[in-house]
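By convention in this document, chain letters (A, B, ...) are assigned in the order of the sequence lines, proteins followed by strands, and residues within each chain are numbered from 1.
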Protein chains: 2
Amino acid sequence: METKTILLDAAETLARSRGFDGFSYGDLADCVGIRKASIHYHYPTKGDLSVALISRYRETVLDRLARISECESRASGRLLAFLDLYRAALQGGRSLCLCIAFSVTQSALPDETRQDVKRFHKEVAQWLETVFRLARGDGTIRAVTDPGAEAHGALALVEGAHIVARAATDMARFEAAIDTLRTRAI
Amino acid sequence: METKTILLDAAETLARSRGFDGFSYGDLADCVGIRKASIHYHYPTKGDLSVALISRYRETVLDRLARISECESRASGRLLAFLDLYRAALQGGRSLCLCIAFSVTQSALPDETRQDVKRFHKEVAQWLETVFRLARGDGTIRAVTDPGAEAHGALALVEGAHIVARAATDMARFEAAIDTLRTRAI
DNA sequence: GTCTATACCTAGATAGAC
DNA sequence: GTCTATCTAGGTATAGAC
């Protein structure tokens, strides 16, 4: 595997478990077994690293959402798969959505990174809106009135569920938080 | 006003806008107009500062929730006041709930701080549960079935709404995220 | 209780050999 | 592409004068 990819993998794990300010090139170097100077060859500044991180993360997640749409024809199936995705991302409370790490740090990040976090939220919300719109047609999610509002609510819900479950290091908190949404799926 | 209080105020603002790793004693010193060495007199380590921050934050918020319960007899009024509290805390997207900052950082924090974040979430969820339980009696919030699940969901929702609104620096995102919950209040 | 001075460390980043 | 060596800046924290 390419060093750039290995670096991104390790950096993503570190950023999602400790925050973007919570690890250094030194930590990253220890993780992948090279010297920190070598990392600068691939990602000259930590800002560059943040751009690469969010860019890949965004593509990966949007890809998975697209695949969910292909595999699941019903709105309920799509919603449950979406919840599975965020559940898996939590890794038992050890890891957060990368966007949360970047939303907190924010100030020192390149504008491109901040823009990509925004785009990510916007695109995920749009995907969710299509799910809730579909639900109004196929009736597999209970009590949907405004698909746009539902979408923004569902996105905030899973991000917040990450926060709460992470603070408690307890997946049960995640389950409790999403319960009212999950049980609306038929 | 006491220096300790001035320091806590400034530290809270910094932590909630940049994350707990996003500011130093030097930044804090600049904010309050004393030297960073003087801060160590009041809070010897940054860990001590984190303990003082979360302790005061927890008390303040729980106090406000208690006052809401006194002033608002109806479940809907309490829920809307709760949403007002989190809306105000966002400060137009500039500031997050302190717990989010601590949930991300986590690893380097004293155990007492981590425990207090947990306690905070637990107590807020308990307060919300009483609200939803009341709602089943007075009928001022639509479609409440499981008060416990509603409580955990509402807490995660407002925390996540903070994240999304902060990333976009746009209060409209907060409103969009809480819309389906807010409109259930009668 | 606040200051200056400083110790000690780690951060991000660069230069140049290999 | 990775290394050693080094720079500069900044971090947390302490000692001791005022």
* To do: Assess whether atom CZ of A:R64 is packed by more than 12 heavy atoms of other residues, nucleotides or ligands within 6.0 Å.
  => no

* Quick one: A:D48 CG to C:dG12 C1', roughly how many Å, whole number? -> 12 Å

* Atom CG of B:D21 to atom P of C:dA11: distance rounded to whole Å? -> 12 Å

* To do: Only counting residues at least two apart or in another chain, list the ones meeting ring pair (Phe, Tyr, Trp, His ring centres under 6.0 Å) with B:H40.
  => B:Y25

* Asked: Is any side-chain heavy atom of A:D9 less than 4.5 Å from a side-chain heavy atom of A:M1?
  -> yes

* Do B:R173 and A:K122 come close enough that some side-chain heavy atom pair is under 4.5 Å? -> yes

* How many Å lie between CG on A:L28 and P on D:dT2, as a whole number? -> 12 Å

* Over how many whole Å does the gap from B:R35 atom CZ to C:dT6 atom C1' extend? -> 14 Å

* To do: Look at the side-chain N and O atoms of B:S38 and state whether any lies under 4.0 Å from the OP1 or OP2 oxygen of C:dG1.
  => no

* Asked: Taking OH from A:Y41 and P from D:dG1, how many angstroms apart are they, rounded to a whole number?
  -> 4 Å

* To do: Give a yes or no on this: more than 12 heavy atoms of other residues, nucleotides or ligands lie within 6.0 Å of atom CZ of B:R184.
  => yes

* To do: Would you indicate whether B:R35, at its atom CZ, is surrounded by more than 12 heavy atoms from other residues, nucleotides or ligands within a distance under 6.0 Å?
  => no

* Nucleic acid contacts - residues 100-114 of chain B versus DNA chain C, non-hydrogen atoms under 4.0 Å -> none

* **Nearest-neighbour nucleotide for the B:S24 side chain, C:dT4, C:dT2, D:dG11 considered** => D:dG11

* Option passing side chain to side chain contact (heavy atoms under 4.5 Å, CB included) with A:L181 (candidates A:L80, A:I141, A:L157) -> A:L157

* Asked: What is the distance from CD of B:E2 to P of C:dG1, rounded to the nearest Å?
  -> 8 Å

* Report yes or no: does A:R18 contribute a side-chain atom to a donor-acceptor pair with the main-chain N or O of A:T13 at less than 3.5 Å? => no

* Proximity to the side chain of B:H42 - top-ranked nucleotide from C:dT4, D:dG1, C:dG1 -> C:dG1

* For A:I34 and D:dT2, give me the distance from atom CD1 to atom P, rounded to whole Å. => 5 Å

* Atom-to-atom span, CD1 of A:I39 to P of D:dT4 - whole angstrom -> 13 Å

* Side-chain N or O of B:T3 less than 4.0 angstrom from OP1 or OP2 on C:dT2? -> yes

* **Donor-acceptor pair between A:T60 and A:D63 side chains, under 3.5 angstrom** => no

* To do: Would you give a per-nucleotide map of nucleotides 13-18 of chain C, 5' to 3', where B means the base has a protein non-hydrogen atom under 4.0 Å away, S means only the sugar-phosphate does, and - means neither?
  => BB----

